[in-house]
Q: 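What follows is a structure written as structure tokens; I'll ask about it next.
Here is how names work: the chains are called A, B, and so on, in the same order as the sequence lines, proteins then strands, and each is numbered from 1. Model, not experiment: these values are computed from the prediction.
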Amino acid sequence: MSSKDLERALSKLRFDDQVLGYSLMTKVGRPFVSFAFPDDLFPRVKDSIKLYKKDLRLMTIDTDKGLVVLSPVDENWILTVLYVPELQLGLAIAKTKNVLRLLEGIELPPPPEEFEESSEENLQVLDSIAINASAVEETPAAPDTPDTAPKVVSAPVEELAPKDFNVSSSTIPERGPQYSTSLTLDSELNSEMKTAHRNFGFDVLMLVDGALSVEKIADSMFQPTDRVIDLLKWCAVRGIIVVPRTAEGSDDSTESGGAGSMGRYVKCPKFEGDLGKVSGDDIAIIRLCDGKNTPEQIAEATSLPMPKIMQTLAKYRKSGLKMIGRTIK
Amino acid sequence: MPKIDNPLLLSFYAHYVDKILSETSNIDEANQKLRDLGHEIGQQIYLNTEIVEKTKDSVTTREDVSKLIDVVYRILYGKKPDDVDMKTARGSVRISDKACVWCQEVSLEGMRGFGYCEIFSGILETILEFKGVDAKVFQEMSRATGAEVCTWNVRLG
């Protein structure tokens with residue numbers, strides 16, 4: 001085994017545009033060599049590994065960062081790859097298998113007892129272990145090849161992600177089974193929510209009563225609807241609130257003019273000119289013109305009246321302000 | 001300030017598009033609604049313009065259709081289409097317009113497949129129908145969704 005071969009196999013992932021990150025992990029889920037793999041996903045991956053222990057085959061986890069594909073390399077190692085969320089499951093699995101095929105010829109020594117997690121140098125560490133091992137006992141008998149492992153695709157664990165929920169401005173959220181727990185101080189859920197959303201979560205949840213729509217909630221809090229929607233999806237994943245699930249296969253409305261829910265159509269100003277030329281009074285408004293906020297949301301965020309917003313938008317039409325039409329979920 | 005031709009027409013059309021998009025649940029349905037709008041005003045156009053006088057009584061060949069398209073363009077927009085392609089595909093005619101009036105200064109994001117200027121498909125389809133030509137017209141590309149030119153496909157039945 002040479003670290004070069006391993007590096008070559010992994011570099012296939014590194015230069016793949018659809019790969020957001022990867023990690024070569026030990027069988028207990030400790031990251032050994034990682035590249036751009038989000039730290040906060042490790043606990044989740046580790047839990048999944050623990051759950052399946054010996055039975056781990058190819059497994060996928062849907063996360064809000066993207067699609068994670070776990071696959072055992074041999075009895076000691078697990079390869080974990082995070083793909084862009086829009087990648088098809090089948091493609092993600094195929095890509096992972098390609099890399100596994102490259103790794104097949106490489107004999108990986110078991111991980112050392114102690115190592116610094118996710119360190120780049122670990123590749124060399126692995127190298128020296130291999131050299132030592134072969135020096136001591138000549139060529140070891142061929143270890144049982146793990147070729148049965150990656151071939152079977154076991155049923156993916158169904159984990160819900162925020163995108164599985166269909167929340168629009170007219171949705172009326174209801175309280176879910178975890179609603180009261182989430183509002184109980186000192187509960188794990190409450191502190192998780194606090195960390196992720198500060199008091200915003202609490203404020204929104206107080207308004208969830210099965211009667212108010214998302215738009216009404218956002219309006220009465222003077223908050224952008226999108227922010228409320230994001231929070232509600234976060235809550236929906238955890239059973240704090242109940243909202244409709246996205247219907248199967250309807251989540252990609254851009255697919256070649258195909259059918260599917262379009263969401264709400266809005267026009268959002270986008271400034272593509274030179275911010276340096278925007279006068280000081282207008283900068284607060286123009287800065288929000290990122291093609292994602294509607295004029296109404298900008299009015300809310302700046303606490304300025306709508307006529308003022310429209311005047312300002314019109315003023316910058318000649319210096320690079322466009323109105324972008326889009327549908328929002 | 002962006003230079004816009006016929007701002008009154010444009011504002012009306014934008015209003016209709018917004019309304020249709022807010023009432024439909026998918027792109028295909030929205031495209032069809034815009035074509036329907038075109039069918040409705042196609043009648044008005046046929047009655048109120050010189051299209052009847054300026055075109056042959058019986059439109060039969062693809063060349064006839066192409067000439068009719070030129071007339072419609074001159075009467076509606078006061079210009080010629082950039083291209084009317086009859087060769088590439090049998091049984092259909094493709095119209096290209098680099099400066100389509102309907103989608104001036106419109107930019108849409110993430111709405112692939114939406115034909116912003118489908119209204120013209122409906123208008124043309126109706127005029128062709130009154131001229132005795134069985135054809136289906138639909139927009140292939142729109143500058144509103146990022147294409148270089150707007151194109152329509154006239155599929156002759």
Q: Hey, is NZ on B/K79 packed in by over 12 heavy atoms from elsewhere, all under 6.0 Å?
A: yes
Q: Is B/E50 atom CD crowded by more than 12 heavy atoms from other residues, nucleotides or ligands, each under 6.0 Å away?
A: no
Q: Any chance you could measure A/K267, atom NZ, to B/L108, atom CG, to the nearest 0.5 Å?
A: 8.0 Å
Q: If you count the non-hydrogen atoms of other residues, nucleotides and ligands that lie under 6.0 Å from CG in B/D57, is the total more than 12?
A: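 For B/D57, atom CG is not crowded (no more than 12 foreign heavy atoms under 6.0 Å).
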Q: Quick one: are B/T24 and A/Y265 in side-chain contact, heavy atoms under 4.5 Å?
A: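 No, too far: nothing below the 4.5 Å cut-off.
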Q: Just how far is it from atom CD of B/E109 to atom NZ of A/K270, taken to the nearest 0.5 Å?
A: 4.5 Å
Q: Can you tell me which portion of B/T145 sits under 4.5 Å from chain A's heavy atoms? Options are side chain, backbone, both or neither.
A: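 B/T145 has no heavy atom closer than 4.5 Å to chain A.
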Q: Does A/E272 CD have over 12 foreign heavy atoms under 6.0 Å away?
A: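 Yes, the 6.0 Å shell around CD holds more than 12 heavy atoms from other groups.
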